[in-house]
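Notes for the one structure printed next.
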Amino acid sequence: PVLFYQYAEQLDSDCIVVVIDVLRATTTIASALNNGASGVKAVSEVSECIEVAAQLNGVAGGEREGKVAPGLEHGNSPLEYTRELLGGRPLVLTTTNGTRLLNLAQKHSPKQIITGAFVNLDAVVTHIRAEKKLSESNRLNVVLACAGWRDSVCLEDSMFAGAVVSRLRETGDFQIQCDSAQTVESLYNSAKSDLYENLKSASHFQRLAKLNLFDDLRFCLTPSTINLVPLFNVDTGLLISKV
Ligand code: MLT
């Protein structure tokens, strides 16, 4: 959210906000929708998670400090929300950083809020390009909002933002307007050959590694295995799958 505040005043009807929390909230959101969740509702507190899941006949899940949040049965592993567990129901999710940033973004009125992670990188870039073509003014700002960890920068979120910048630059129809975008692009280009290996020093990688969540880490850091974009629906307050 630190990076996000810098641009909050720019969130307008010409802006798409990409909420990023690679380890693991936005990876989990993409995975749950890919496994048939009818939607994902991001909430900030465990109590609200339980209450809203009951109201929606959904599945409640959440994490604090990388572990299953006290009071919940399910955590924030992208591998946990299988088709069988979800049964087509909505997932109501609360995490330490990612869902809080999602709720912060909803307080502004951007054109769109989507979520991105390495697992749906191709789909996110394709979606942004398509939205720019559709925009009447042919003007579209993209704010890459990195969740980080408790208002500190996270290497993996910055690297994903850099991957999006790098891919959008390829077609030449997006201007890279700020130094932070160029910084994260360089970061990504220096590490893209082996994201898993090059992110081992990241603080949250190490936090999850201490919890032996290596399967989660492998899944989260394998690009473009999921071909959908979680898109925030203002009417329902849910993230839904846009293929
Ligand atoms: C977060 O919100 O910071 C992450 O989702 C934490 C996690 O899942 O380990």
Side-chain angles (χ1 to χ4, degrees), residues 1-5 17-35 37 40-50 52-53 59-82 85-86 91-107 113-121 124 144-161 195-196 199-222 225-226 230 232 239:
V2 176
L3 187 60
F4 182 77
Y5 282 121
V17 177
V18 184
V19 172
I20 302 165
D21 185 356
V22 169
L23 296 176
R24 300 167 286 176
T26 54
T27 302
T28 296
I29 289 167
S31 178
L33 291 172
N34 197 46
N35 287 340
V40 178
K41 172 83 174 170
V43 295
S44 294
E45 305 303 335
V46 170
S47 54
E48 187 186 2
C49 185
I50 295 167
V52 172
V59 177
E63 154 282 332
R64 291 293 183 268
E65 306 296 320
K67 291 174 276 198
V68 178
L72 293 177
E73 184 185 345
H74 301 291
N76 188 31
S77 166
L79 302 174
E80 186 168 3
Y81 296 101
T82 61
L85 171 62
L86 291 162
L91 169 61
V92 184
L93 190 66
T94 176
T95 71
T96 309
N97 304 280
T99 55
R100 291 174 191 279
L101 178 56
L102 261 165
N103 289 334
L104 180 65
Q106 291 162 29
K107 289 186 171 56
I113 299 170
I114 63 173
T115 67
F118 281 110
V119 290
N120 68 332
L121 170 60
V124 165
L144 301 169
C146 297
W149 181 267
R150 298 192 183 287
D151 284 353
S152 297
V153 172
C154 260
L155 208 48
E156 67 278 6
D157 294 347
S158 300
M159 268 199 206
F160 175 76
L195 289 171
Y196 187 88
L199 276 165
K200 280 184 172 176
S201 62
S203 57
H204 200 44
F205 183 111
Q206 295 188 353
R207 190 175 291 115
L208 295 178
K210 283 191 185 113
L211 297 170
N212 290 315
L213 293 169
F214 295 102
D215 290 343
D216 279 18
L217 288 163
R218 284 268 175 220
F219 184 83
C220 292
L221 300 178
T222 303
T225 55
I226 294 176
F232 181 69
L239 286 157

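Only this structure's heavy atoms are used, side chains among them; waters, hydrogens and symmetry mates stay out. Being a predicted model, the structure only gives us computed values, none of them experimental. Just so you know, ligand 1 is whichever comes first in the structure, and atom 1 is the first atom listed for that ligand.
- Among residues at least two apart or in separate chains, salt bridge (Lys or Arg N to Asp or Glu O under 4.0 Å) pairs with a member in residues 20-29 are Arg24-Asp216.
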**Message:** Between Ser44 and Asn103, is the side chain to side chain donor-acceptor pair (under 3.5 Å) condition met? List the steps.
**Reply:** CA-CA 8 Å; Ser44 294; Asn103 289 334; 2.9 Å; yes
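- Residues forming a side chain to side chain donor-acceptor pair (under 3.5 Å) with Asn120 (at least two apart in sequence, or on another chain): none.
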Contacts table for ligand 1: protein N or O within a distance under 3.5 Å of ligand N or O, distances only.
{"from": "ligand 1", "atom 1": "2 (O)", "to": "Asp21", "atom 2": "OD2", "distance (Å)": "2.8"}
{"from": "ligand 1", "atom 1": "2 (O)", "to": "Thr95", "atom 2": "OG1", "distance (Å)": "2.7"}
{"from": "ligand 1", "atom 1": "2 (O)", "to": "Thr96", "atom 2": "N", "distance (Å)": "3.4"}
{"from": "ligand 1", "atom 1": "2 (O)", "to": "Asn97", "atom 2": "N", "distance (Å)": "2.8"}
{"from": "ligand 1", "atom 1": "2 (O)", "to": "Gly98", "atom 2": "N", "distance (Å)": "2.9"}
{"from": "ligand 1", "atom 1": "3 (O)", "to": "Asp21", "atom 2": "OD2", "distance (Å)": "3.4"}
{"from": "ligand 1", "atom 1": "3 (O)", "to": "Asn97", "atom 2": "ND2", "distance (Å)": "2.6"}
{"from": "ligand 1", "atom 1": "5 (O)", "to": "Asp21", "atom 2": "OD2", "distance (Å)": "3.2"}
{"from": "ligand 1", "atom 1": "5 (O)", "to": "Arg24", "atom 2": "N", "distance (Å)": "3.4"}
{"from": "ligand 1", "atom 1": "5 (O)", "to": "Ala25", "atom 2": "N", "distance (Å)": "3.2"}
{"from": "ligand 1", "atom 1": "5 (O)", "to": "Asn76", "atom 2": "ND2", "distance (Å)": "2.9"}
{"from": "ligand 1", "atom 1": "8 (O)", "to": "Arg24", "atom 2": "NE", "distance (Å)": "2.9"}
{"from": "ligand 1", "atom 1": "8 (O)", "to": "Arg24", "atom 2": "NH2", "distance (Å)": "3.2"}
{"from": "ligand 1", "atom 1": "8 (O)", "to": "Asn76", "atom 2": "ND2", "distance (Å)": "2.6"}
{"from": "ligand 1", "atom 1": "9 (O)", "to": "Arg24", "atom 2": "NE", "distance (Å)": "3.2"}
{"from": "ligand 1", "atom 1": "9 (O)", "to": "Arg24", "atom 2": "NH2", "distance (Å)": "3.1"}
{"from": "ligand 1", "atom 1": "9 (O)", "to": "His204", "atom 2": "NE2", "distance (Å)": "2.8"}

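- Thr96 pairs with exactly one of Glu65, Glu63, His204 by the side chain to side chain donor-acceptor pair (under 3.5 Å) rule, that one being Glu63.
- With sequence neighbours excluded, the residues satisfying side chain to side chain donor-acceptor pair (under 3.5 Å) with Lys200 are Glu197.
- The only member of Leu91, Asn34, Leu102, Val119 that meets side chain to side chain contact (heavy atoms under 4.5 Å, CB included) when paired with Ile29 is Leu102.
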